[in-house]
Engineer: 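Handing you a structure now.
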Amino acid sequence: MELARTKAELQARLGPARARGAHIALAPTMGALHDGHGALIEAAARSADLVVVSDFVNPSQFAAGEDFERYPRDLQRDADFAARAGADLLFAPSVAELYGTVTEPLSATSIDVGELGRIWEGALRPTHFAGVALVVVKLLGLTRPHSAYFGEKDYQQLCVIRQLVRDLDIATRIVAVETVREADGLALSSRNRYLDAGQRQQAAGIFAALQAARHGARAGQRDARALEQVAREALADFEIGYVALVDPDSLRSLDALTAPARLLVSVTLGGVHLIDNSAIAPPGADDGP
Ligand code: PAF
């Protein structure tokens, strides 16, 4: 696997691959790679000739007071991990290299992703999705991949990116990869490492809450508020950001579970912001394990 620290190095490696018609895939990450990222890279490697992993802690998606400085960074470990998972190229630019500056505003151009960026996570983090959209457009523009891989763990981000490529006619296929979980159900996240042992144990309750609501649906409950309440009760020990039963594409709140939907959960535990979600099917329909 090769390492590109600059846009020029990235282009030098991609140019010949593009010229010979190689299928290029991109797995965008902020580093601190774990098996969730591994699943993105492995899925990309199964269908592409050249797998690019970007490794960039993007300042524009963090607000003041969030964990940008604290976010874990270990390029050597990430390089070893990405290589093992099947990456061909790790693109790890500095902020100055990617944005051309280190002073605010990092970019004169900003991207408003509309209502999808203002609800749920966007209501708690009002500048977040504009920052994600900006860096993803830059990474897609630099890499021009045939396909790009994103985890379902950040479900709202996935929906924002699908909308972005549709609205801006970006010719990249967006591929969603299922959330990878620990044995007790906790979704893998780079932020899990901020949790102490007690909090880590408690964090398994997030998945239990999602499962409790799904069981409620299987048992015949269709009322959205009642299903959200089941999850809220299971999250009694957490500071809840939101629990929302939503349409799986628009993420608009639903009144009743009459078609396949998504249940979104956001909590804070010991100051650590954690999100998770699950598909949830109406009573009588199969929604998987
Ligand atoms: O999901 C992430 O790790 C980031 O939000 C992304 C998509 C790499 C953009 O910085």
Side-chain angles (χ1 to χ4, degrees), residues 4 7 10 25-44 51-63 66-75 77-78 81-82 85 87 89-95 97-99 106-107 109-111 113 116-117 120-122 124-143 145 147-165 168 170 172-180 187-194 264 266 272-277:
K7 297 176 187 179
L10 177 70
L26 173 67
T29 82
M30 297 206 300
L33 301 183
H34 51 65
D35 287 345
H37 301 112
L40 303 183
I41 301 168
E42 283 162 17
V51 177
V52 182
V53 175
S54 62
D55 185 329
F56 180 69
V57 185
N58 173 37
S60 70
Q61 69 189 75
F62 291 81
E66 292 186 353
D67 56 343
F68 174 68
E69 270 87 27
R70 182 187 180 201
Y71 203 87
R73 293 165 173 86
D74 186 344
L75 184 58
R77 191 191 154 279
D78 286 348
F81 186 101
L89 183 60
L90 189 70
F91 177 48
S94 64
V95 172
E97 174 65 18
L98 195 68
Y99 281 102
L106 291 172
S107 164
T109 301
S110 58
I111 302 175
V113 299
L116 207 42
W120 312 125
E121 216 41 35
L124 300 179
R125 306 178 71 192
T127 58
H128 177 64
F129 288 115
V132 169
L134 182 63
V135 80
V136 168
V137 165
K138 287 169 77 66
L139 293 169
L140 293 176
L142 286 164
T143 314
S147 53
Y149 290 72
F150 293 88
E152 286 189 343
K153 150 84 172 42
D154 296 310
Y155 191 78
Q156 188 171 358
Q157 168 174 283
L158 174 66
C159 295
V160 163
I161 289 162
R162 281 185 172 139
Q163 174 186 267
L164 187 73
V165 299
L168 301 184
I170 295 172
T172 295
R173 189 167 67 93
I174 301 302
V175 183
V177 177
E178 245 181 68
T179 302
V180 179
L188 296 195
S189 163
S190 305
R191 291 193 168 99
N192 291 350
R193 65 177 73 186
Y194 299 153
L264 309 178
S266 157
V272 183
H273 186 64
L274 298 170
I275 58 174
D276 201 350
N277 68 87

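In each ligand, atom 1 is the first atom listed, and ligand 1 is the first ligand listed.
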Engineer: Hey, could you give me each pair passing salt bridge (Lys or Arg N to Asp or Glu O under 4.0 Å) that has a residue in residues 124-135? Not counting sequence neighbours.
Structural biologist: Glu66-Arg125

Engineer: Using side-chain heavy atoms (C-beta onward) and a distance below 4.5 Å, is Val160 in contact with Val132?
Structural biologist: no

Engineer: Would you find a donor on one side and an acceptor on the other, under 3.5 Å apart, between the side chain of Gln163 and the backbone of Leu116?
Structural biologist: no

Engineer: Compute both the distance and the angle, then confirm whether Lys138 meets the cation-pi test with Tyr99: under 6.0 Å from the six-membered ring centre, within 45 degrees of the axis.
Structural biologist: yes

Engineer: Just so I know, are the side chains of Tyr194 and Tyr71 near enough to count as touching, which here means a heavy-atom distance under 4.5 Å?
Structural biologist: yes

Engineer: Return the protein residues near ligand 1 (heavy atom under 4.0 Å from any of its atoms), ordered by chain and residue number.
Structural biologist: Pro28, Thr29, Met30, Asn58, Gln61, Val135, Phe150, Asp154, Gln157

Engineer: Could you tell me if Arg73 sits above the aromatic ring of Phe68, with its cationic atom closer than 6.0 Å to the ring centre and no more than 45 degrees from the axis?
Structural biologist: yes

